[in-house]
Each structure stands twice: as structure tokens, then as C-alpha cells.
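Structure first, commentary second.
Scope of the values below: all heavy atoms of this structure, side chains included, with no hydrogens, waters or symmetry mates. The shown structure was predicted, so the numbers you read here are calculated from the model rather than taken from an experiment.
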Amino acid sequence: MSTPYPFTAVVGQTDLRLALLLNAVSPAVGGVLVRGEKGTAKSTAVRALSALLPHVDVVPGCRFSCAPAAPDPACPDGPHEPGPGQDRPARMVELPVGASEDRLVGALDIERALAEGVKAFEPGLLADAHRGILYVDEVNLLHDHLIDLLLDAAAMGASYVEREGVSVRHAARFLLVGTMNPEEGELRPQLLDRFGLTVEVAASREPSQRVEVVRRRLAYEDDPAAFAHRWAGDEQDVRARVVAARALLPKVRLGDASLLQIAATCAGFEVDGMRADIVMARTATALAAWAGRTDVRKEDVRQAALLALPHRRRRNPFDAPGLDEDKLDEILDRFPDEEPDNEPDPEPEGPDDGGPQDGGPDGGGGGVPPQSGPDAPEPEAPEAQDDATPPAPDAPQSPEPQPASQEGAAPEQAAVRAAEPFRTKMLSVPGLGEGASGRRSRARTAHGRTTGAQRPRGHLTKLHLAATVQAAAPHQKARGRSGRGLVVRKDDLRQATREGREGNLVLFVVDASGSMAARQRMGAVKGAVLSLLLDAYQRRDKVGLITFRGAAAELALPPTSSVDAAAARLERLPTGGRTPLAAGLLKAHEVLRIERLRDPSRRPLLVVVTDGRATSAGSVGGDPRELAGRSARLLQAEGVASVVVDCESGPVRLGLAGVLAADLGGPAVTLDGLRADSLAGLVKNVRTAVASPSHHTTRRAA
């Protein structure tokens with residue numbers, strides 16, 4: 001087995017290490033969600049934590065890790081006779097993004113049940129993770145129904161399986177840790193709330209700290225065993241401190257003053273429900289135990305708020321999580337601590353102090369994990385959370401101007417603020433897809449209404465009982481059936497096919513030329529696109545953003561699940577210059593071609609936001625309007641579902657957006673007609689002139 005990277009060798013990331021250790025001290029805190037850019041030691045720190053957890057005593061042979069002293073009375077492998085237990089390390093179980101529901105919760109072995117008459121339950125990953133760590137990398141990419149099952153089990157401490165004639169309940173208490181890169185999309189707010197704590201991580205901008213990260217990583221890769229041995233003493237110190245804090249936790253007193261501070265803080269930040277108050281109380285108690293104290297203080301409540309509230313406060317869908325620390329201090333200053341009961345003050349260090357401290361239970365307060373050891377650098381405070389995960393890390397800070405000499409392009413204008421977003425009508429891709437789970441277009445999915453049956457491809461997951469019996473019935477005489485039971489063989493099994501909804505790739509092509517540059521008009525256009533982005537966020541789509549102006553088109557945002565990144569790019573979108581409509585459509589064709597190779601199952605929906613004018617042919621040359629028409633017909637010929645949002649305004653209208661929509665083979669809808677509550681015709685489906693050969697789409701009336 002490979003040697004894991006030592007937890008105490010992780011450089012910086014104070015909040016991340018502290019949140020993980022608090023959950024190790026008190027699993028009732030509810031787990032950790034770690035948000036941050038790629039390459040910030042998220043996975044490294046989580047995998048290293050398992051080595052610090054105390055060993056567990058389990059019933060020998062129990063697949064559900066029951067404790068010998070108090071076995072689960074409902075354990076499927078029970079009842080367990082009294083006897084000595086088996087000591088083993090706490091497990092860390094990883095849940096892959098592509099895992100099935102059966103793999104997560106377990107299921108009845110259908111093949112054995114039908115062929116052998118044996119009702120055998122195969123436990124899933126939730127059973128493996130009991131009394132250990134369940135780690136979900138890229139949790140924001142996990143299917144929604146799996147997240148629901150996972151978080152329900154974490155909240156109840158048990159997993160319930162009711163399916164295919166099997167009814168099983170088993171204990172499932174684990175430390176839940178999820179990591180995610182916000183650039184790949186956000187979790188739904190109601191799912192964010194189910195994680196106890198959240199931490200924002202970012203790579204340090206300090207050269208000395210970055211040098212130390214590289215030095216330690218290279219030393220570990222050269223000789224993992226020797227590197228781990230150098231940190232063994234620090235690992236043992238932290239392990240002992242976790243054990244001591246667990247023992248002290250029941251003795252920690254949460255006074256009325258601390259409870260009032262917690263309640264006032266949650267009320268002041270307008271968090272919904274009472275879960276935040278409970279998580280803050282448990283976190284503050286764990287912080288006190290980690291600091292070796294039996295009383296909860298204001299600094300514990302403050303640190304608990306910084307960890308438990310950022311993802312729970314009320315915010316708009318495209319706002320990054322965060323907490324106003326000045327407001328937090330103002331609230332806490334109104335509620336002083338109670339006088340301690342004649343306990344000696346251990347001179348606690350501040351909760352954000354990254355300085356070295358003892359690894360033992362009496363080594364300081366505030367709960368900062370130690371960073372000592374053979375190569376420990378002078379620790380520094382982490383980056384401010386406001387800069388940790390900007391909405392669009394690689395977005396240009398200032399717009400790139402188009403040269404005024406290119407075809408007489410007008411000087412660009414400053415970015416215009418978007419109008420207030422609104423609820424849009426439903427746009428969907430016609431036909432039946434097989435893409436990622438979502439809420440937009442019809443698709444074959446693992447969940448939904450049953451529409452038919454087919455031979456299973458791979459492991460059978462959803463049995464279609466009627467089709468299986470129908471397939472086996474004609475062969476009963478040939479198989480020598482003599483009793484009442486049906487003789488079923490593996491070839492008779494049929495998989496149920498189900499229909500639900502999928503997420504799509506919504507590619508926005510936005511006209512940013514001078515003809516769109518009137519401030520009131522461009523504000524309305526941005527508000528409409530922002531509304532469509534909000535709809536895409538709710539329907540779990542991937543989005544991309546192309547803009548065209550001057551003499552060329554630009555891929556402002558490559559296709560991503562981070563809808564808030566698209567909103568940030570849109571907010572900074574400059575305008576001005578001529579209208580290279582053909583360049584925008586050709587850029588869309590190129591992007592969709594590449595995405596079709598990367599993710600062939602995700603069907604695209606092209607949304608062109610323009611007034612239909614074409615005044616520049618870019619570097620291609622020729623008549624701009626004729627070139628735009630040919631580019632649109634190219635997209636139509638490849639079966640790309642499209643819709644044109646007509647932005648033309650004024651008393652005189654040319655109707656060019658309607659001509660473009662006809663060339664694309666899709667409908668045109670005005671800005672007002674895009675509203676869900678408007679009186680215009682309802683756009684239910686986007687028509688395509690030619691069915692996509694890869695997905696066998698069908699034409700339907702819009």
C-alpha cells in the first residue's frame with residue numbers, strides 16, 4: 001500500500017486543516033465542504049486525515065463495521081454474539097463521480113434472487129464508510145439523486161434501502177468530506193446547507209510558502225517512506241490531541257451567553273432554518289475541546305461562524321459564499337462572554353493565527369492546527385477569503401479594445417450593468433437524448449418514468465419484471481420446469497428503460513457591436529442573458545459564452561458548469577464596433593465541434609442574442625449578410641438546435657433576426673417574449689431543420 005502524504009506536512013491551508021480536525025474531534029459537526037481552485041492540496045489533506053483518526057474496534061466478519069461493545073441491533077449481518085473485537089484503522093472510502101445508486105447504498109442481488117431464489121443484499125459504499133471517512137471528490141459533479149441519498153444518510157446516521165423487494169436498514173455514521181472547484185459549477189443551496197462546515201482554499205501568493213510546498217512535494221515523491229518517517233512525531237502529536245479532545249468534548253460547557261451569541265449571529269446574517277445554529281454550537285464546542293478548555297468563548301463562536309455560515313447566508317445565485325467579518329464582530333461585541341468558573345486562562349492564540357503551537361491538548365486556544373516539524377516554514381496567514389475563489393479567475397480585468405483601424409470600428413464603450421433578471425420560458429432540445437442528469441430536455445435516464453425494457457448492457461441495475469417473465473415464459477417446457485417456480489436464466493433478464501430530463505450545453509452567442517451599444521438596450525440584453533443563465537443554473541446545464549464585435553468573435557468563456565463565471569464575464573462585456581455576425585456563428589460551430597468530441601452525450605442548445613445586422617465579414621471577406629446566412633445554414637445542417645433572441649428595437653424594424661432564425665432552423669423570440677409571464681406564444685421546443693444523426697432527434701412544432 002502506498003504511503004500517504006502526512007497531514008502535518010501540508011503547508012498553510014489553516015482553515016482547511018482546522019475544519020477537518022474539528023470533524024475528527026466531533027463527527028456530529030456534519031462534515032466539510034472544501035471549495036477551491038485546482039492544485040490547492042484539497043484531496044491531499046483529506047486523504048492524509050484518515051491516518052490521524054483513532055483505530056476502531058469492529059465485530060469480526062461484520063460487513064457493516066458494528067462495534068462489539070454496542071452492535072447495531074438492526075444490522076443485516078446480526079445479531080452479533082458478545083465477544084472480542086477486531087482492531088483496524090478507520091477507513092477512508094472514496095465515492096467516484098460516476099458511481100451508481102446501487103454502488104452507493106447497496107441493493108438486492110437480482111440475478112441470484114431470480115436464478116437461485118436467494119435474497120442476498122450486497123452492501124454499498126455507505127456501509128463501508130461507517131465509522132470512517134466518506135470522501136467525494138468533485139462533489140458538485142455528482143448526480144443530484146446520489147447527493148440526496150448521501151446527505152440523507154449523513155443526517156440520519158443510517159441508510160435505508162427499499163427496492164426490488166428488499167428492505168434493509170443499517171448504521172451509516174461517517175465523516176463526510178466533499179471537495180469541489182467552483183469553476184465547474186455550484187451545488188444547489190439546499191445541498192450546501194447539509195454540509196456542516198465550508199472552507200475556501202487558494203494557493204498562496206507568497207513565494208517562500210510556494211517554495212516550501214514544492215520542496216516538500218519533491219521530497220515526498222523521491223522517498224515517501226522516509227518523508228513520512230520525518231513527520232511521524234508530529235503526526236503522533238496531532239493524533240494524541242484528537243483523542244484527548246474527543247475525551248474532553250462531553251465536559252465542555254456551552255453557556256447561555258455563547259448560545260445567545262450564536263443565535264444573534266445566525267439571525268443577523270439571515271440564515272434560513274435552525275441547522276446553522278446547531279452546527280455553530282457543535283463547532284464552537286469542538287473548538288473549545290481542541291483548545292483543551294471546558295468553556296466556550298467568543299473567539300470559538302467567531303471561528304465557528306466563519307466556518308459554518310458562509311455557505312448558508314442568503315445570497316443571489318451568482319454571488320460567491322462569504323461572510324462580512326466586520327458585521328460579525330459588531331454582532332459579537334454586543335454580547336459579552338460569561339465569566340469563567342475560576343479556570344486558569346491558557347492564553348489562547350487567535351483563531352486565525354497560523355503560528356506554531358504545541359501539539360498537545362493544552363497547546364493554545366482558538367483551535368489552529370499545529371504546523372511544526374523538521375521542515376516547517378514560518379507560517380503565514382492564508383489569503384483573504386474574498387480573493388480565494390473569484391467568480392472567473394482567468395477573466396480579463398480590462399476589456400481588450402478593437403483597433404479603430406479595422407473596418408472603421410467605433411471606439412468601444414464602457415461595460416453596461418445588466419437589467420434585473422426575470423423568469424424565462426422553457427427552451428429545450430427536441431428528441432430524446434442520453435446526456436448528463438439535469439432538468440431541461442427529454443432523455444433516457446436512470447430515474448424517471450419507465451418507458452420500456454431492453455437487454456442489460458453490463459450489470460443489471462433496474463429490473464423490468466414483466467419483460468423478464470415474458471422473455472422466460474416460452475422456454476419453460478424446454479428447460480424441464482416441473483414445479484410452480486419459473487425457471488429463469490441470465491439471458492432472460494431485462495433492464496428497465498426510463499425517461500427523465502437531461503442537462504444540455506447552452507452556448508450563448510452575444511452581439512456586442514455598436515448597433516447594440518445603446519446603454520438602455522444593452523442593459524436589457526444583458527438582463528435577458530443573465531435570466532437565461534439563471535435558468536441554466538437551475539436546470540444543471542453547462543454553459544459557454546461567445547461575443548462578437550469589431551472584426552472578430554471571441555470565446556469569452558469555454559463551456560463549463562460554472563454558470564456564475566459566465567455571469568461575471570457578461571457583466572464586464574464591453575460594446576462597440578461593427579457587427580461580424582458570421583464570425584460569431586463560425587466560432588460557435590468550432591466550439592460545438594470540439595465539445596461534441598469531448599462530451600458526445602450532452603446535446604447543445606445555441607442561443608444567439610442579436611438584432612440580426614451583419615456589417616463586417618471579418619478576415620474572410622465578401623458580403624457580410626450572405627456570409628452570415630451561409631454560416632447559419634451550416635449549423636442547421638449539422639442538426640444544432642438554435643433559438644434567436646431578437647434585440648431589435650425602435651419604430652422601424654428590419655426583421656433581420658427572423659431571417660437569421662430561419663437560416664438556423666429555429667424560432668426567434670423577442671426580449672419581451674422571453675419572459676415566462678408574457679402574452680407572446682410559448683416557446684416549448686427549439687426546432688431543427690435536420691435531425692441530428694448522432695441522437696436521432698425528431699422535429700416538433702415550437
So, are [X] and [Y] salt-bridged, with charged N and O less than 4.0 Å apart?
X	Y	result
E94	R47	yes
D491	R455	no
R173	D72	no

Which heavy atom in [X] sits nearest to a heavy atom in [Y], and how many Å separate them?
X	Y	value
L175	G31	CD1-CA, 4.1 Å
A41	L16	O-CD2, 4.1 Å
L505	P559	CD1-CB, 3.7 Å
P604	V429	O-CG2, 3.6 Å
A472	D492	CB-OD2, 3.4 Å

To the nearest 0.5 Å, tell me how far [X] [atom1] sits from [Y] [atom2].
X	Y	atom1	atom2	result
T424	L534	OG1	CG	8.0 Å
I147	N140	CD1	CG	8.0 Å
R598	E595	CZ	CD	5.0 Å

How are the rings of H170 and F64 set relative to one another: parallel (under 30°), tilted (30 to 60°) or perpendicular (over 60°)? tilted

Would you say the side-chain atoms of Q13 pair up with the backbone N or O of T40, donor to acceptor, closer than 3.5 Å? yes

Step through the shown structure and confirm whether more than 12 heavy atoms of other residues, nucleotides or ligands are within 6.0 Å of CD on Q470. no

